[in-house]
Amino acid sequence: MSDRAPPSQREAIAELVVNVAIPSAVLLWLSDADKLGPLWALLLALAPPAAWGIGSMVRAGRPSGLAVIAFGSVLLTGGVGLFELDPAWIAVKEALVPTLFGIATLVSAPTSYAVIPTLMARLFDDAAIDGALTEASQQAAWQRANQSATVQVGVLFLLSAAGSWSLARYVVVSPPGTEAFNSELGWMTMLSVPALMVPMTLGMAFVLSRVITRLEELTGEEYEHFLLGHEGE
């Protein structure tokens, strides 16, 4: 699914600052009429995520699927605010991306593009794993474990979509173009971290830990033995 390596800890923190902390601060503190006002505060809040998405594509040297989606999400938010559409569209926008990821992940499960094997290939030596799975039954069990984990990730995305929709519908209720709308948008952005991002991250970590445990059970080796760059003693 992803077309780039997982972000480092520093990149992940920078992404949170640019896409969550800065927009939330601008929307909450600069939307007053005696400061920037609702319109300019909204435009300023959307500028860092938009720049981050464009910068990601420039650094990659090609369009990045995740960056394009992030940039599109920014444009949709701006469209709702600028054209003063029904705030319910914010909930639709928030749920759209994880829904698409969830469906795509579920569809990919029985294919060679399944999410978990793709992610594992960035961390583990496939050749070493294949060499340790000497029996056909072991290989079949490993394939089932990867497919099952991919389905679980797809379900996590769909649950995240439902949570995103619910959070947006509960928090963002004021008409766009108002200070209250900007404030609610800022709160929604901040609350998405503990309410959605953290549970999703923990869920992904749990799924991956089960896959790694299954790898150790099938091969009789510690998972470190299969890590890319690992040198056996």
Side-chain angles (χ1 to χ4, degrees), residues 1-7 11-13 15-21 23-24 27 45-46 48-50 52-53 56-57 63-81 85-111 113-120 122 146-173 184-211:
M1 290 287 295
S2 176
D3 49 11
R4 67 186 180 93
E11 289 173 332
I13 293 174
E15 193 164 353
L16 278 175
V17 170
V18 171
N19 293 300
V20 177
S24 296
L27 289 168
L46 295 177
W52 181 269
S56 296
M57 288 186 279
S64 162
L66 292 178
V68 169
I69 290 172
F71 186 66
S73 179
V74 170
L75 291 180
L76 289 173
T77 300
V80 172
L85 304 178
D86 190 312
W89 283 106
I90 291 292
V92 173
K93 187 270 296 184
E94 290 295 309
L96 179 61
V97 171
T99 297
L100 293 177
F101 273 128
I103 294 173
T105 300
L106 292 174
V107 171
S108 77
T111 73
Y113 300 100
V115 170
I116 291 300
T118 300
L119 179 58
M120 294 286 286
R122 296 179 181 274
N146 279 281
Q147 288 182 354
S148 175
T150 298
V151 170
Q152 292 168 25
V153 171
V155 172
L156 284 175
F157 274 122
L158 294 180
L159 290 174
S160 178
S164 298
W165 185 89
S166 300
L167 179 64
R169 287 295 287 157
Y170 179 76
V171 175
V172 184
V173 296
E184 291 162 3
L185 199 60
W187 278 111
M188 183 197 72
T189 303
M190 282 200 306
L191 290 172
S192 68
V193 175
L196 301 170
M197 293 182 188
V198 171
M200 184 68 182
T201 301
L202 293 176
M204 287 282 290
F206 176 72
V207 171
L208 283 173
S209 70
R210 292 189 62 185
V211 173

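Heavy-atom basis, side chains included; hydrogens, waters and symmetry copies ignored.
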Practice problem: Kindly determine whether M197 and L16 satisfy side-chain contact (heavy atoms from CB on, under 4.5 Å), including the steps that lead there. | Solution: CA-CA 10 Å; M197 293 182 188; L16 278 175; 3.8 Å; yes
Quiz item: What's the spacing between I103 CD1 and F157 CZ if we round to 0.5 Å?
Solution: 12.0 Å
With a cut-off of 3.5 Å and sequence neighbours excluded, list every side-chain donor-acceptor pair involving residues 160-173.
from, atom 1, to, atom 2, distance (Å)
S164, OG, S160, O, 2.8
S166, OG, A162, O, 2.9

Exercise. Kindly give the heavy-atom pair with the smallest separation between V211 and A149, and that separation in Å.
Key: CG2-CB, 3.3 Å
Quiz prompt | Spacing of CG belonging to L196 relative to OG1 belonging to T201, to within rounding of 0.5 Å | solution = 10.5 Å
Quiz item: Taking atom CD1 of I116 and atom CG of N146, what is their separation to the nearest 0.5 Å?
Solution: 7.0 Å
Practice problem: State the OG1-NZ distance between T77 and K93, to the nearest 0.5 angstrom. | Solution: 3.0 Å
Quiz item: Does S108 reach the side chain of V115, with side-chain heavy atoms less than 4.5 Å apart?
Solution: yes
Practice problem: Look up atom CH2 in W89 and atom CG in L76, then write down how far apart they are to the nearest 0.5 Å. | Solution: 10.0 Å
Quiz item: If you look at every heavy atom in P194 and L191, which pair is closest and at what distance?
Solution: CD-O, 3.2 Å
Quiz prompt | Candidate list L106, L158, L119, V207, test side chain to side chain contact (heavy atoms under 4.5 Å, CB included), partner V153, passing option | solution = V207
Practice problem: Would you give the length of the straight line joining atom CG of L208 to atom CZ of R210, rounded to the nearest 0.5 angstrom? | Solution: 12.0 Å
Quiz item: Is there a side-chain contact between I90 and M188 (heavy atoms, below 4.5 Å)?
Solution: yes
Self-check item: Shortest non-hydrogen contact from T150 toward P117
Solution: OG1-CD, 3.8 Å
Exercise. May I ask you to test the P48-V17 pair for a side-chain heavy-atom distance under 4.5 Å?
Key: no
Quiz prompt | Partners passing side-chain contact (heavy atoms from CB on, under 4.5 Å) against T189 (at least two apart in sequence or in another chain) | solution = V20, S24
Quiz item: Are any non-hydrogen side-chain atoms of T105 and V151 less than 4.5 angstrom apart?
Solution: no
